[in-house]
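Please read all numbers here as calculations on a predicted model, not as lab measurements. Chain A is the first sequence line, chain B the second, and so forth, proteins listed ahead of strands; every chain is numbered from 1.
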Protein chains: 2
Amino acid sequence: MASIKDVAAEAGVSVATVSRVLNDHPSVSADARTRVLAAVETLGYRPNAVARSLRTDQTRTLGLVISDVLNPYFTELARSVEEEARALGYSVIIGNADERPDLQDHHVRTLLDRRIDGLLVSPTDGGSPLMLDAARAGTPMVFVDRWIPGVEVPVVRSDGQSAVRDLVTHLHRLGHRRLAIIAGPAATTTGRERVDAFRAALREHGLDLPDAYTGQGDFQAESGRRVTEGFLDLAEPPEVIFAADNLMALGALDAVRARGLRVPDDIALAAFDDIRWFVHTDPPVTAIAQPTGALGRAAVRALVDRIEGRPGESVTLPARLVVRRSCGEPGPSPSPSPVRRSTS
Amino acid sequence: MASIKDVAAEAGVSVATVSRVLNDHPSVSADARTRVLAAVETLGYRPNAVARSLRTDQTRTLGLVISDVLNPYFTELARSVEEEARALGYSVIIGNADERPDLQDHHVRTLLDRRIDGLLVSPTDGGSPLMLDAARAGTPMVFVDRWIPGVEVPVVRSDGQSAVRDLVTHLHRLGHRRLAIIAGPAATTTGRERVDAFRAALREHGLDLPDAYTGQGDFQAESGRRVTEGFLDLAEPPEVIFAADNLMALGALDAVRARGLRVPDDIALAAFDDIRWFVHTDPPVTAIAQPTGALGRAAVRALVDRIEGRPGESVTLPARLVVRRSCGEPGPSPSPSPVRRSTS
DNA sequence: ATTCCTCGTGTAATCGATTCCACGAGGAGG
DNA sequence: CCTCCTCGTGGAATCGATTACACGAGGAAT
């Protein structure tokens, strides 16, 4: 592959001049410029980004470590991150942690070795020393979706508290009193927060969240299935299952179906994270939708701000409830009169 | 960040010795080795991959340009690619083309600038000159899922022909005679092949595929919706719609639902590409499943073979039909004994 | 004792860019 | 006519690694 030297030789100038033309530095004669450009053209020259990075100490690359690529929520996040980054002139390298701290660390390490300019992480666990070190060492970093408390890193996330309250109100109005949750890992902020929000909302309605109704999941479908099995085996199973993410909801659906039960007649289901398929599931699933695209874009902007020396601030956007039929009543406007409308 | 010089100074040896220790070259004394290792430890030194790549002319990185990250099929493919690559000591940089040739070229270009060791592509169009040049120039390359004919590049894909035949037989047996297809872009091999396979299978049953029943989609949900609208507007709408990918099937579902029609009673639906959600849609969707994980792994192996100087061969794996209820008859797996377990 | 290996190590070239500095030509101002 | 700038340009250092080559010390073989 042609190097800058070849271009210089072809154009009959020095490498310095070629470099100047390429970075459009002002002091180059029109003549030299056209000759260089012509040489670039005939040789099909493309600057070696590796060499450039070594010299300039910047890669114009962002690292994104997400918890699980198979989760549509993170997929959408990744997409918006890449889009915004591209608009700002950065590339993105995605690392998939698969909810495993060791894999997460592996990716953080490789990314750091690659000297990415900044790191976007939605941490799988509560305190990878590697990541803490990186943050302390001054690597520009932003947490997205999940975060690690006590670290001086901007956090871009969405607040589901009021949406969860809306959900519980909705459920309560439908007559449900025994509500259970499939929680995410306690090591993650979203894992804890969603349970806390749920419990707080229940309390507002004078309801309790017994331990038996708190299943421990790991944000993967299989755990949703397992926990749901447990719920269904109880002497007094819950009337509603709230899954803290869409994959665990999928698992719950698997489990309910395996028992030959029906949603919402036998048991109601709601999920955190809305995905397109929830419109077409049987029944359509009531969910809490995050402004995923906005989240990704805000995260990139905050990170690039940091990289380029500007402050880079935390952002919190509200999530909102999307009512469908999986909890009983169809329709978006929660009217206090439980109209029995048999659908599908 | 500490460099190899700092380590050398700390250990009281030359950079050459440090490098030798790090690449475990045999001729280093035990004493020097321990001193270097200690220095690496205390300084928290990590080799700069950028510098190393410049010198060795290899990045140990693979580029993967996929058509659409939001498509679960490609997501799963990407995941298996990354997994296998990691096992072989490579990282993967994913570029999302969003089915847009210009974006595809953008990613190929950046990847090439980054001097990735090899390129995995599922081309969005039939002949990006950039990619052809790269292939000719000797960049190790492998096509996955889709390919560009006439290029000397191994292809790893799955063959859906017999599965499509099984599907048509299944549909025919259910009494369907008016079968329509939502095709993918003609610029892609998968776009053409699936139509061809469908048409050939129809012919075997003495059926025809009229133009009116061949809708042009682009592998995105919206096009599925649009084409389906068109089908439903026909004086004689088809009895079955076969979507050439899962996203267009989603769009079709949207359209059918918007009309207040029901699947499969009013119209049957089948899709190429199976995804987990198809089990839980209303109704569960009959689909053709590709061995996605195996595909991704085989593609990486072929590419790494090429990179490391071995032949690197094409692979074709069979897809298979998964019958569910969206075409009329309940599938084999769901046992038709709904245990009514009423929970008080 | 001399010669010849082997072994461990260091010096320096190299990869492909960017950029500081020096230099010569030419114009402006005294 | 001399001095001083400005402008365009090239030489060379530099980034952080790898690696060819040279070299000195020490042991084995003669």
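Taking atom CG on B/N23 and atom P on D/dT18, their separation rounds to 4 Å, with Å as the unit. Here the C1' atom of nucleotide C/dC15 and the CG atom of A/N48 are 9 Å apart, to the nearest Å. Across the protein-nucleic acid pair, A/D24 atom CG and C/dT19 atom P stand 13 Å apart, rounded to whole Å. In this structure, B/R114 atom CZ and C/dA17 atom P are separated by 15 Å, rounded to whole Å. Distance, A/R46 CZ to C/dG16 C1': 15 Å, rounded to whole Å. Distance A/L22 CG to C/dT18 C1': 11 Å, rounded to the nearest Å. Atom P of nucleotide D/dG16 and atom CG of A/D113 are separated by 14 Å, given to the nearest angstrom. The distance between atom CZ of B/R115 and atom P of C/dG16, rounded to the nearest whole Å, is 9 Å.
For the pair A/I116 and A/L62, the minimum side-chain heavy-atom distance is 4.5 Å or more. Side chains of A/R109 and B/R46 form a contact here, defined as non-hydrogen atoms less than 4.5 Å apart. Side-chain contact between A/S19 and A/I4 is present, with at least one heavy-atom pair separated by less than 4.5 Å. A/F74 places none of its side-chain heavy atoms less than 4.5 Å from the side chain of A/N96.
Residue B/E308 qualifies as enclosed at atom CD: its count of foreign heavy atoms under 6.0 Å is above 12.
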Can you name the atoms? Protein N/O to nucleotides 8-10 of chain C N/O, anything below 3.5 Å, with the distance.
residue	atom	partner	partner atom	Å
C/dT9	OP1	B/S29	OG	2.7
C/dT9	OP2	B/S29	N	2.7
C/dT9	OP2	B/S29	OG	3.1
C/dG10	OP2	B/S14	N	2.8
C/dG10	OP2	B/S14	OG	3.0
C/dG10	OP2	B/T17	OG1	2.7
C/dG10	N7	B/R20	NH2	2.7
C/dG10	O6	B/R20	NH1	3.3

N/O to N/O distances under 3.5 Å, protein versus nucleotides 22-26 of chain D:
none

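Annotation: side chain to side chain donor-acceptor pair (under 3.5 Å) contacts of A/E84 (sequence neighbours excluded): A/R301. For B/N71, the side chain to side chain donor-acceptor pair (under 3.5 Å) partners are B/D245, B/N246, not counting sequence neighbours. A/V315 pairs by the side chain to side chain contact (heavy atoms under 4.5 Å, CB included) definition with A/V156, A/A298, A/L317, not counting sequence neighbours. With sequence neighbours excluded, the residues forming a side chain to side chain contact (heavy atoms under 4.5 Å, CB included) with A/T189 are A/R146, A/W147, A/P149, A/R192, listed by chain and number. For A/I93, the side chain to side chain contact (heavy atoms under 4.5 Å, CB included) criterion is met by A/T61, A/L111, B/I93, not counting sequence neighbours. Under the side chain to side chain donor-acceptor pair (under 3.5 Å) criterion, A/D68 pairs with no residue, sequence neighbours left out. Residues forming a side chain to side chain donor-acceptor pair (under 3.5 Å) with B/R35 (at least two apart in sequence, or on another chain): B/D31.
In this structure, the helix from C/dA1-D/dT30 to C/dG30-D/dC1 shows an angle of 60° between the axis at its start and the axis at its end, each fitted on 5 base pairs and rounded to 10°.
Between the side chains of A/Q104 and A/D125, at least one donor N or O sits under 3.5 Å from an acceptor N or O.
Taking side-chain N and O atoms only, A/S19 has no distance below 4.0 Å to OP1 or OP2 of C/dA17.
Scanning residues 50-59 of chain B for heavy-atom distances under 4.0 Å to DNA chain D yields B/A51, B/R52, B/L54, B/R55, B/T56.
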Please report, to 0.1 Å, the donor-acceptor pairs under 3.5 Å made by any side chain of residues 133-141 of chain A, with sequence neighbours excluded.
residue	atom	partner	partner atom	Å
A/D133	OD1	A/R136	NH2	3.4
A/T139	OG1	A/A134	O	3.1

